[in-house]
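Small disclaimer: the values here were computed from a predicted structure and weren't measured.
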Amino acid sequence: MKKILSTLLVVASLLAVSCSKDNDPTTVSNDAGVYRITIEISGTDAQGYAHITNLDKMNIKNEKTGNSSLTIDDEFDSSVSYITEGKVKEIAAQGIVHCDKTASLRMKVTKDGKTVFEESKNIDPENGTGKVGELRFSTISQ
């Protein structure tokens, strides 16, 4: 009888946890915020790429073009800036520069107007750094 009661208690607990509103991807927690991602590249014939996604199913808007989508996979040639159209908790951003010559990449991420990430990377293929530079930011748990 104790085994049956224990089993029922475990099943009830699992059901209560799995049906929690916390699992709803549109639910925003207290540590969510509006993110702005700015990526800049420089260098002769340098090409930039931006990849951004969030698990909160919130649209991300390109501030230059006004285009908006759930994920970003863009190519650009100097700078680009994106903003989430609402608060998100889990977001990942990647900036890439590709160039046959010396180039640089800078990525800045703000959350609710406060800088949470800012890094730069230089490439110089003629001196062994390769033709690609990359920066990543993520709040998504591994």
Side-chain angles (χ1 to χ4, degrees), residues 3-142:
K3 287 183 182 182
I4 293 172
L5 186 57
S6 296
T7 303
L8 287 174
L9 184 59
V10 168
V11 170
S13 297
L14 289 174
L15 285 174
V17 170
S18 67
C19 294
S20 169
K21 282 192 170 196
D22 292 340
N23 293 336
D24 182 358
T26 59
T27 300
V28 179
S29 71
N30 291 339
D31 56 345
V34 174
Y35 284 86
R36 173 176 276 119
I37 297 101
T38 303
I39 306 170
E40 300 171 344
I41 62 165
S42 63
T44 306
D45 298 323
Q47 192 60 48
Y49 303 90
H51 306 283
I52 306 169
T53 190
N54 72 85
L55 299 182
D56 299 296
K57 298 186 178 181
M58 183 64 62
N59 276 354
I60 306 163
K61 181 170 78 172
N62 181 319
E63 292 187 302
K64 191 181 281 187
T65 66
N67 294 339
S68 178
S69 65
L70 288 175
T71 61
I72 300 296
D73 191 14
D74 284 347
E75 190 174 322
F76 62 96
D77 58 9
S78 61
S79 69
V80 66
S81 184
Y82 302 93
I83 189 165
T84 59
E85 293 185 339
K87 293 186 176 203
V88 299
K89 181 179 177 183
E90 297 187 284
I91 188 166
Q94 177 185 32
I96 299 171
V97 63
H98 177 271
C99 191
D100 292 329
K101 301 174 184 170
T102 302
S104 66
L105 168 69
R106 179 179 169 270
M107 187 164 77
K108 180 178 180 179
V109 180
T110 63
K111 177 183 173 187
D112 296 328
K114 296 179 183 176
T115 301
V116 294
F117 176 87
E118 187 169 12
E119 286 190 21
S120 298
K121 186 163 201 167
N122 296 313
I123 60 169
D124 186 358
E126 294 177 5
N127 290 315
T129 62
K131 297 180 179 184
V132 177
E134 171 190 41
L135 294 172
R136 294 181 185 188
F137 170 79
S138 180
T139 63
I140 300 173
S141 302
Q142 296 289 331

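Residues Asn122 and Thr129 have side chains not in contact (no heavy-atom distance under 4.5 Å, counting atoms from C-beta outward). Contact annotation: the side chain of Leu105 never approaches that of Ile96 to less than 4.5 Å [non-hydrogen atoms, C-beta and beyond]. Looking at heavy atoms from C-beta onward, Val80 lies out of side-chain contact with Lys64 at the 4.5 angstrom threshold.
Shortest non-hydrogen contact noted between Asp31 and Lys111 is O-NZ, 2.6 Å. Considering every non-hydrogen atom in both Thr84 and Val88, the closest pair reads CG2-CG2, 3.9 Å. The two residues Glu119 and Leu135 make their nearest non-hydrogen contact at O-CD1, 3.3 Å. The shortest non-hydrogen separation linking Ser42 to Ser104 is OG-OG, 2.5 Å. Of all heavy-atom pairs between Glu85 and Ser68, the closest is OE2-OG, 3.0 Å. Between Cys99 and Pro125, the shortest heavy-atom distance links the atoms O-CG, 3.4 Å.
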Inset, instruction - Kindly determine whether Ile37 and Ile91 satisfy side chain to side chain contact (heavy atoms under 4.5 Å, CB included), including the steps that lead there. - result: CA-CA 10 Å; Ile37 297 101; Ile91 188 166; 4.0 Å; yes
Legend entry - Worked check of side chain to side chain contact (heavy atoms under 4.5 Å, CB included) between Thr110 and Val116: CA-CA 5 Å; Thr110 63; Val116 294; 5.9 Å; no
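In this structure a side-chain-to-backbone donor-acceptor pair under 3.5 Å is present from Asp112 to Val34. Proximity of a side-chain donor or acceptor of Thr53 to a complementary backbone N or O of Ala92 within less than 3.5 Å is not detected. Gln47 places a side-chain N or O within donor-acceptor distance of the main-chain N or O of Phe76, the cut-off being under 3.5 Å. Judged by distance alone, with hydrogens and angles left aside, the side-chain atoms of Thr115 form no donor-acceptor pair with the main-chain N or O of Phe117 at under 3.5 Å.
With rounding to the nearest 0.5 Å, the separation of OG1 in Thr71 from CD1 in Ile52 is 9.5 Å. Taking CD of Glu40 as the reference point, atom OG of Ser81 lies at 9.0 Å (rounded to 0.5 Å). Put simply, CD1 on Ile41 and OG on Ser120 are 13.0 Å apart, with the number rounded to the nearest 0.5 Å. In this structure, OG in Ser79 is found 10.0 Å from CD1 in Ile39, a value given to the nearest 0.5 Å. In this structure, the separation between CG on Asn59 and CG on Asn67 is 11.0 Å, given to the nearest 0.5 Å. For the atom pair Ile83 CD1 and Lys61 NZ, the distance stands at 7.5 Å (nearest 0.5 Å).
Judged as a side chain to side chain contact (heavy atoms under 4.5 Å, CB included), and not counting sequence neighbours, the contacts of Glu90 are Leu55, Asp56, Thr139, Ile140, Ser141. Under the ring-ring contact (aromatic ring centres under 6.0 Å, His included) criterion, Tyr82 pairs with no residue, sequence neighbours left out.
Residue pairs meeting the salt bridge (charged side-chain N to carboxylate O under 4.0 Å, His left out) criterion with at least one member in residues 120-138, sequence neighbours excluded: Asp100-Lys131, Glu134-Arg136.
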